[in-house]
2 protein chains.
Amino acid sequence: MERKKTFTSYDVARLAGVSQSAVSRCYKSGASVSKKTRDKVEKAAKKLGYQPNALARSLITARSNSVAVIISNLTNLYYPEVLAQLSQYFSEKGMRVLLFAVDTESQVDGVLGQVLQYQVDGVIAAVKLTLEQIKKFEDRETPLIFYNRHINSHAASAVCCDQADGATVLTQKLIDFGHKKFAYISGPEDSMVGIERQKATLTTLEKSDISDYTIWNGDFSYDGATNATCKLMNEAKQKPDAIICANDVSAIGVIDTLRYEYNIKVPEDISVVGFDGVGPATWASFNLTTIRQPVKRMTKAAVEMMLERIDTPSLANEKRVFSGIFIEGNSAKI
Amino acid sequence: MERKKTFTSYDVARLAGVSQSAVSRCYKSGASVSKKTRDKVEKAAKKLGYQPNALARSLITARSNSVAVIISNLTNLYYPEVLAQLSQYFSEKGMRVLLFAVDTESQVDGVLGQVLQYQVDGVIAAVKLTLEQIKKFEDRETPLIFYNRHINSHAASAVCCDQADGATVLTQKLIDFGHKKFAYISGPEDSMVGIERQKATLTTLEKSDISDYTIWNGDFSYDGATNATCKLMNEAKQKPDAIICANDVSAIGVIDTLRYEYNIKVPEDISVVGFDGVGPATWASFNLTTIRQPVKRMTKAAVEMMLERIDTPSLANEKRVFSGIFIEGNSAKI
DNA sequence: GAGAAAAATGACTTCGGATGCAAAAATTCT
DNA sequence: AGAATTTTTGCATCCGAAGTCATTTTTCTC
């Protein structure tokens with residue numbers, strides 16, 4: 001495994017007849033270089049196809065210009081959009097994204113070591129971290145921003161969509177319309193987002209003295225929702241007239257199952273609502289009534305907060321909470 | 001911007017009462033370290049929360065253990081799955097993914113400089129590159145593997161799904177069933193994949209002396225397909241009895257439009273087929289008849305080829321072409 | 001227990017670019 | 001033109017871990 005033959009600043013310097021420092025300065029904005037030297041260097045660099053070695057630079061400047069993005073479940077339909085946006089915005093700011101896609105949140109711990117080793121300037125985590133794990137970043141003064149995960153303590157910054165608010169709005173609208181019997185298709189038990197949505201939903205129901213609801217275990221997935229729906233239809237004593245789903249993909253699974261397995265009309269017979277506002281939610285087959293998360297604004301906020309904190313590590317932690325946008329589709333009578 | 005206070009191998013060495021070399025050796029498998037020293041070092045490292053600096057290591061070893069993945073369009077529904085798999089497999093092999101998500105392929109050129117600067121050990125490109133761009137990687141002996149893009153010359157390795165074969169199978173099945181009048185919803189003009197599928201489709205039709213087909217411009221997207229379908233239904237002299245779509249998302253757009261805008265039954269009145277085998281294709285609403293790309297096998301192959309070439313840069317270029325899998329759904333009479 | 005072989009260790013150098021500093025060159029001012 | 005500035009420039013050093021090599025320690029053999 002012999003070293004690759006790439007050119008270094010010394011090669012450029014030799015060819016241009018200047019010192020290595022001069023070459024280095026040509027790649028640093030605001031450095032003092034005469035036009036003559038700059039021309040010589042640029043010409044030589046071009047001739048050799050020279051590109052500065054970002055690793056060497058990072059080693060000395062202690063800035064890698066890269067950010068780790070830790071995402072739990074890229075097949076979730078919601079996250080790819082988030083990732084694309086983050087990547088886009090960071091790229092515009094001259095930062096690179098080092099992707100850590102974990103299958104299950106249990107893999108997170110193994111990944112964190114890697115994250116630290118790569119000397120990333122910051123971390124965006126769309127997974128849960130323990131306080132201990134958070135502390136590791138704190139100790140290093142590496143800014144950490146959660147995406148759609150709160151942390152009880154104020155140990156880290158976060159960008160979130162207001163899950164509770166969105167769920168409340170949705171539920172209240174269903175109640176106001178006159179729905180009486182509810183079912184809730186839940187997310188995975190260990191999902192913070194799922195728990196918040198569920199809690200807000202149930203609270204809202206109970207505030208209106210509605211106790212006629214059942215909860216069925218989905219897991220944010222189409223298949224999970226399908227199973228939950230079958231169970232619901234087979235086991236529940238009476239059919240609900242509204243089904244509130246933990247996310248859009250679940251809602252889609254529910255709708256499909258109702259329509260194609262039980263020949264039930266949505267929204268005529270049963271209303272179904274989701275949460276997220278993913279692409280397929282707008283497809284004519286579903287035309288979901290849902291809460292859309294303002295992904296662009298959220299990711300942009302995350303990137304901004306990150307850059308601020310990289311420049312000024314002492315900045316206090318901050319949480320930015322965005323309200324979801326109610327989308328009136330045609331999957332619920334509202 | 002003062003330097004972050006992280007511990008280095010010297011700190012560990014001092015605390016453990018050994019030399020820096022000893023610390024370094026403890027982190028290299030197969031190095032010669034006595035148990036006593038190793039224990040001392042491990043204890044000290046743990047106490048300080050020491051993590052080796054991957055940048056410094058990469059600088060001296062000329063191996064960054066990271067791979068650039070350049071992807072054009074993460075909102076495409078097909079790519080997130082690819083990215084998740086790549087990330088997963090690379091991670092298992094101890095490699096990191098540096099993500100370069102470009103919006104349009106015109107952004108690629110700007111990104112390539114970055115890719116090189118980061119000293120990635122290899123590049124997976126799901127975008128088109130010019131021969132000149134390819135040559136840059138060749139010059140550096142950085143392995144380059146295309147994903148679902150051919151390059152005419154043998155200048156680079158590639159992992160592809162056999163677009164032509166898949167399209168041929170699908171088309172032939174439709175012909176064999178007895179469909180006579182066809183429409184094709186195309187992909188973007190500059191998409192290699194789209195062109196190959198289209199060409200194979202048309203060739204197959206013509207081989208069976210079918211000239212009764214029309215082509216409508218989609219762009220791999222739901223909305224594009226919707227527009228194309230409306231045009232088709234409004235402008236075509238007679239309705240097709242089969243619509244072949246450049247990808248699954250288009251097919252879904254077509255089905256929805258036919259059903260909800262024109263009240264046409266699929267597959268009873270018109271057959272619709274797609275290509276890719278994305279998640280939503282299996283949803284009950286669509287139950288698409290399609291060709292599924294074996295994404296797991298393809299990404300695994302890409303990762304394997306990459307690791308081989310990183311170890312042995314002199315390896316000849318190689319193309320691995322996988323056949324798609326015919327999925328008989330219920331969106332086409334076949 | 002002496003001698004030979006093997007294993008472990010640390011001093012020193014290296015990777016490639018950035019930067020402080022002093023010297024040199026260019027510019028401005030008397 | 002000469003002095004006083006200001007701008008450029010190059011030398012030397014640094015970042016943090018890895019590898020080379022000579023030296024020391026341990027293990028093994030007879």
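Nothing here was measured: the structure is a model prediction, and the numbers come from that model. Sequence lines set the chain letters: A, B, ... in the order given, protein chains first and strands last, and positions in each chain run from 1. The analysis underlying the following values was restricted to heavy atoms, covering all of them including side chains, and did not include hydrogens, waters or symmetry mates.
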Trainee: Could you tell me which residues satisfy side-chain hydrogen bond (donor to acceptor under 3.5 Å, both in side chains) with Asn317(A), sequence neighbours excluded, listed by chain and number?
Mentor: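 Asn317(A): side-chain hydrogen bond (donor to acceptor under 3.5 Å, both in side chains) contacts with Ser157(A).
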Trainee: Could you give all pairs that pass the ring-ring contact (aromatic ring centres under 6.0 Å, His included) test and reach residues 52-88 of chain B, with sequence neighbours left out?
Mentor: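 Sorted pair list comes back empty.
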Trainee: Name all pairs fulfilling the ring-ring contact (aromatic ring centres under 6.0 Å, His included) condition that reach into residues 89-130 of chain B, sequence neighbours left out, sorted by first residue then second.
Mentor: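 Output for this query is empty, none listed.
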Trainee: Any pair with a residue in residues 10-21 of chain A that passes salt bridge (Lys or Arg N to Asp or Glu O under 4.0 Å), sequence neighbours left out, goes on the list, sorted by first then second residue, please.
Mentor: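 The answer is Asp11(A)-Arg14(A).
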Trainee: According to salt bridge (Lys or Arg N to Asp or Glu O under 4.0 Å), who are the partners of Lys296(A), at least two apart in sequence or on a separate chain?
Mentor: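 Lys296(A): no salt bridge (Lys or Arg N to Asp or Glu O under 4.0 Å) contacts found.
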Trainee: When the C1' atoms of the five terminal pairs at each end define the local axes, what inter-axis angle does the helix from dG1(C)-dC30(D) to dT30(C)-dA1(D) show, to 10 degrees?
Mentor: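 End axes: 20° apart.
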Trainee: When you look at CD of Glu92(B), are more than 12 heavy atoms from neighbouring residues, nucleotides or ligands closer to it than 6.0 Å?
Mentor: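 For Glu92(B), atom CD is crowded (more than 12 foreign heavy atoms under 6.0 Å).
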Trainee: Using whole Å, what does the distance between atom C1' of nucleotide dG16(C) and atom CG of Leu48(A) come to?
Mentor: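 After rounding, the reported distance stands at 15 Å.
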Trainee: Please list all pairs meeting ring-ring contact (aromatic ring centres under 6.0 Å, His included) that have one or both residues in residues 17-61 of chain B, counting only residues at least two apart or in different chains.
Mentor: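 Every pair satisfying ring-ring contact (aromatic ring centres under 6.0 Å, His included) with a residue in residues 17-61 of chain B: Tyr27(B)-Tyr50(B).
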Trainee: Quickly work out the Arg14(A) CZ to dG16(C) P distance and round it to whole Å.
Mentor: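 After rounding, the gap between these two atoms is 12 Å.
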Trainee: Whole angstroms only, please: what is the NZ-C1' distance between Lys28(B) and dT20(D)?
Mentor: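 Answer to the nearest Å: 12 Å.
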Trainee: Do Lys43(A) and Asp39(A) meet the salt-bridge criterion of a basic N to acidic O distance under 4.0 Å?
Mentor: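 Here Asp39(A) does not pair with Lys43(A) in a salt bridge, since their nearest N and O are not under 4.0 Å apart.
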Trainee: Return no unless some side-chain N or O of Thr8(A) is found under 4.0 Å from OP1 or OP2 of dG16(C).
Mentor: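 Checking dG16(C) against Thr8(A), no side-chain N or O comes under 4.0 Å of OP1 or OP2.
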Trainee: Would you mind reading off the distance between Leu59(B) atom CG and dA18(C) atom P, rounded to a whole angstrom?
Mentor: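 Whole-Å distance recorded here is 12 Å.
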Trainee: Between Phe7(B) (CZ) and dA17(D) (P), how many Å, whole number?
Mentor: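 Checked: the CZ to P distance equals 12 Å.
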Trainee: Take the protein atom CZ of Arg57(B) and the nucleotide atom C1' of dT14(C), then report the distance between them rounded to whole Å.
Mentor: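 So the CZ-C1' distance, Arg57(B) to dT14(C), works out to 16 Å.
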Trainee: Could you state the CG-C1' distance from Asn53(B) to dA18(D), rounded to the nearest angstrom?
Mentor: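 These atoms are roughly 12 Å apart.
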Trainee: Identify all pairs in which a protein N or O lies below 3.5 Å from an N or O of nucleotides 4-14 of chain D, and state each distance.
Mentor:
residue: dT8(D); atom: OP2; partner: Ser32(A); partner atom: OG; Å: 3.0
residue: dT9(D); atom: OP1; partner: Ser34(A); partner atom: OG; Å: 2.7
residue: dT9(D); atom: OP1; partner: Thr37(A); partner atom: OG1; Å: 2.3
residue: dT9(D); atom: OP2; partner: Ser34(A); partner atom: N; Å: 3.0
residue: dT9(D); atom: OP2; partner: Ser34(A); partner atom: OG; Å: 3.4
residue: dT9(D); atom: OP2; partner: Thr37(A); partner atom: OG1; Å: 2.9
residue: dG10(D); atom: OP2; partner: Ser19(A); partner atom: N; Å: 3.0
residue: dG10(D); atom: OP2; partner: Ser19(A); partner atom: OG; Å: 3.0
residue: dG10(D); atom: N7; partner: Arg25(A); partner atom: NH2; Å: 2.6
residue: dG10(D); atom: O6; partner: Arg25(A); partner atom: NH1; Å: 3.3
residue: dG10(D); atom: O6; partner: Arg25(A); partner atom: NH2; Å: 3.4
residue: dC11(D); atom: N4; partner: Ser21(A); partner atom: OG; Å: 2.8

Trainee: Does dA17(D) have OP1 or OP2 under 4.0 Å away from a side-chain N or O of Tyr50(B)?
Mentor: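 For dA17(D), OP1 or OP2 has a side-chain N or O of Tyr50(B) closer than 4.0 Å.
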Trainee: Could you tell me the separation between the OH atom of Tyr118(A) and the P atom of dG16(D), rounded to a whole number of Å?
Mentor: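 Computing the Tyr118(A):OH to dG16(D):P distance gives 18 Å.
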Trainee: List in chain and number order the residues that pass side-chain hydrogen bond (donor to acceptor under 3.5 Å, both in side chains) with Glu318(B), two or more places apart in sequence or in another chain; answer none if no residue qualifies.
Mentor: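 Per chain and number, Glu318(B) pairs via side-chain hydrogen bond (donor to acceptor under 3.5 Å, both in side chains) with Arg309(B).
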